[in-house]
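All values reported here derive from a predicted model rather than from experimental measurement. Only heavy atoms go into these numbers, but all of them, side chains included; no hydrogens, no water, no symmetry mates. Letters A, B, ... mirror the listed sequences (proteins, then strands); counts begin at 1.
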Protein chains: 2
Amino acid sequence: MVAVSGGARGPAHLVLTASVARRYYLDGRSKVEIAEEFALSRFKVARLLEDARTSGLVRIEIGHPGVIDVELSARLMETFGLLHCVVTDTPDDHPASLRGHLGAATAELLTELITPEDVLGLSWARSVSAMATALQRLAKVPVIQLTGALARPGVDDSSIELVRDVARVAGGPAYFFYAPMAVPDAATAQALRRQPEVAQAFSRIGSVTRAVAGVGAWAPEQSTLYDVTSEAERRDLARLGVAAEISGVLVDADGGPVASDLTERMIGITAEQMRAVPEVIAIVYGTAKVRAVLAAVRGGMVDTLVTHSTLAEALIRAARS
Amino acid sequence: MVAVSGGARGPAHLVLTASVARRYYLDGRSKVEIAEEFALSRFKVARLLEDARTSGLVRIEIGHPGVIDVELSARLMETFGLLHCVVTDTPDDHPASLRGHLGAATAELLTELITPEDVLGLSWARSVSAMATALQRLAKVPVIQLTGALARPGVDDSSIELVRDVARVAGGPAYFFYAPMAVPDAATAQALRRQPEVAQAFSRIGSVTRAVAGVGAWAPEQSTLYDVTSEAERRDLARLGVAAEISGVLVDADGGPVASDLTERMIGITAEQMRAVPEVIAIVYGTAKVRAVLAAVRGGMVDTLVTHSTLAEALIRAARS
DNA sequence: CAGGGCGCCGCTCATCTGAGCGCGCCCGTT
DNA sequence: AACGGGCGCGCTCAGATGAGCGGCGCCCTG
């Protein structure tokens with residue numbers, strides 16, 4: 001004896017339902033047409049289709065063959081009310097390759113999003129460099145450096161050329177400068193800010209319409225800024241509740257800016273300016289950054305995310321709780 | 001460099017499309033609602049969804065976990081304009097188990113289809129016996145024997161009890177008789193037809209509303225009738241173009257009845273009577289029977305099919321050409 | 001620089017569709 | 001036999017939807 005039916009209604013009903021579902025979903029006929037064809041009322045057809053969906057006879061899947069997980073991207077976007085979102089399906093066990101994939105994805109996103117009316121701001125981060133490397137085409141827009149660079153020992157700092165490289169691809173003007181992201185005292189910072197190139201760039205921050213940045217967590221290896229900060233300062237800032245660092249801007253768990261001595265010694269975009277940028281695109285990877293991303297998004301610092309599936313899933317889980 | 005996008009439109013467009021598709025197909029919102037949510041025109045939403053379907057971003061599948069292939073059943077039903085159709089997904093390398101599965105499927109189908117107003121006719125065939133074995137419940141209807149039986153050497157002929165068994169399950173009257181399907185001469189046949197039980201059963205053939213039968217091909221091992229026919233007769237009938245045998249009724253490739261000496265010597269339903277039965281349910285298996293099924297269906301002898309996937313696929317392929 | 005072609009967009013209007021309702025049938029109960 | 005609950009069915013009517021059309025801007029070409 002073999003259980004043939006799935007529903008309680010019997011095989012003929014099942015096949016009729018499948019037939020109707022096929023006509024409706026696959027052939028795209030209207031319910032009225034189907035009703036006529038099968039000599040049913042259109043209500044009956046509607047109910048059959050309803051059944052077919054709820055019973056799992058008809059399955060609808062969203063997705064496509066490729067690196068980006070569109071379905072997850074859409075869910076992440078909706079969960080946080082982001083402007084855009086790209087989640088790649090890359091394995092996350094190799095940070096460098098991950099960065100490469102996310103950089104490529106961001107480059108494609110930028111190519112698509114940037115129109116000639118935009119003004120592009122770039123933060124200093126390895127992931128942003130990866131984006132620049134992958135970038136092949138861009139509308140002719142001005143490109144503006146948003147922060148000083150942090151020279152990390154042993155890292156090829158050709159990434160200093162970031163803004164110039166991207167501007168070259170775009171064919172637009174580059175507003176860049178050579179300065180560190182943080183200096184030892186506020187006076188030096190002020191002096192640096194008065195430097196012509198720095199001032200030039202800074203004066204245009206207000207006009208930036210789209211920016212690309214990384215997001216750091218306030219922990220070792222999770223933020224370039226953290227890694228160059230003194231032990232005492234790290235503790236102070238941790239006590240102040242720093243949860244995330246976005247392009248040198250520090251925010252607490254609610255996304256509110258955290259002001260400190262360090263703020264005065266930074267060369268770069270301020271929290272208010274960053275929040276004012278219509279679309280800040282953040283490239284983030286590593287599940288250690290869940291809390292940081294939550295903070296940055298809640299604070300309105302970040303408007304779109306480019307990330308990988310494990311982090312995206314962790315974020316969605318975190319948002320539910 | 002990684003190709004991230006699938007469509008030519010870029011990742012943001014892709015994700016937007018996925019988002020819209022999710023809202024529409026998964027959350028069941030209306031296009032107007034979605035349009036408002038995403039600040040698009042409802043036309044744009046409709047076009048996105050259209051794209052999503054044609055580009056394969058949204059995939060709709062019909063099917064269900066179980067023995068019967070609903071999708072294929074529906075296709076077979078539509079291809080031949082059948083009243084009903086059940087295709088099982090059983091492996092086809094073991095005729096006896098196949099017959100068991102099809103019998104069970106047919107039993108379920110009958111249980112579903114037969115209403116108290118029906119009159120059920122049964123042909124003599126191993127597959128019909130298998131159906132009877134699996135039958136557990138049936139509306140209270142009269143059950144009528146349509147043909148004499150063919151005693152095959154070495155085969156347990158408890159299947160002679162077929163009609164009685166089914167009638168017992170149904171709880172209705174049984175009209176059965178003990179007679180062979182074919183006799184040596186027309187006179188004997190006529191005499192047999194005058195036997196009270198035979199006449200009783202035959203007089204009710206006209207009132208049969210649903211019948212179950214097998215379909216045989218005119219080849220060795222493909223039809224019980226063929227197997228008991230003399231060599232000369234086989235050749236004669238083959239010359240007359242016999243393509244199928246349904247419950248003792250012989251038809252040519254177009255489904256037209258083939259009259260011959262044999263016709264006179266048969267004890268059972270005639271071609272005209274069979275065509276007059278509103279729904280003849282045929283149980284068929286084995287890819288050797290493609291031509292036979294085509295003939296039977298074209299001739300209007302068979303109205304619904306119970307079969308297995310390989311034969312079903314072969315039939316659909318044959319119908320296309 | 002002008003003209004023509006093409007693709008995207010949103011409109012109108014007729015048709016389709018969903019939500020909710022009431023009817024009639026079936027079945028088990030009193 | 002009468003009653004009552006549950007279920008399947010099809011109605012109404014407002015809102016959703018599709019087909020086809022014309023407008024508009026962009027790009028290519030002459």
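Among residue pairs with one or both ends in residues 40-63 of chain A, those qualifying as side-chain hydrogen bond (donor to acceptor under 3.5 Å, both in side chains) are A:Y25-A:R53, A:R59-B:E61, A:E61-B:R59; sequence neighbours excluded.
No side-chain donor from either of B:Q136 and B:T111 sits under 3.5 Å from a side-chain acceptor of the other.
In this structure, B:Y24 and B:R29 have side chains that are not in contact, with every pair of non-hydrogen atoms separated by 4.5 Å or more.
A:S73 places a side-chain N or O within donor-acceptor distance of the main-chain N or O of A:V87, the cut-off being under 3.5 Å. The backbone N or O of A:R75 lies less than 3.5 Å from no partner atom in the side chain of A:E78, so there is not a single donor-acceptor pair.
The separation between B:E36 atom CD and D:dG15 atom C1' is 12 Å, rounded to whole Å. Distance CG (A:L40) to P (D:dC9): 9 Å, rounded to an integer number of Å. Between B:L48 atom CG and C:dG10 atom C1' there is a gap of 14 Å when expressed in whole angstrom units. Spacing between atom CD of A:E50 and atom C1' of D:dC7 amounts to 16 Å, rounded to whole angstrom units. Remark: C1' of C:dG7 and NE2 of B:H13 are 13 Å apart, rounded to the nearest angstrom.
One axis for each end of the helix from C:dC1-D:dG30 to C:dT30-D:dA1, each built from five base pairs, and the angle between them comes to 20° at 10° resolution.
Using a 4.0 Å cut-off, no side-chain N or O of B:S41 falls inside it from OP1 or OP2 of C:dC9.
For a distance-only test at 3.5 Å, the side chain of B:R47 fails to qualify as a donor-acceptor partner of the base of D:dG18.
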side-chain hydrogen bond (donor to acceptor under 3.5 Å, both in side chains), that's the test. Do B:E279 and B:T209 meet it? Break it down for me.
CA-CA 6 Å; B:E279 176 163 15; B:T209 57; over 6 Å; no
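Minimum interatomic distance between B:P11 and A:E112 (heavy atoms only, all atoms of both residues): N-OE1, 3.0 Å.
For the atom pair A:F80 CZ and A:T304 OG1, the distance stands at 13.5 Å (nearest 0.5 Å).
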Distances for protein N/O vs nucleotides 16-18 of chain C N/O pairs under 3.5 angstrom?
| unit_1 | atom_1 | unit_2 | atom_2 | d |
| --- | --- | --- | --- | --- |
| C:dT17 | OP1 | A:K31 | N | 3.2 |
| C:dT17 | OP2 | A:K31 | N | 2.8 |
| C:dT17 | OP2 | A:V32 | N | 3.0 |
| C:dG18 | OP1 | A:K31 | NZ | 2.9 |
| C:dG18 | OP2 | A:K31 | NZ | 2.6 |
| C:dG18 | O6 | A:R42 | NH2 | 2.6 |

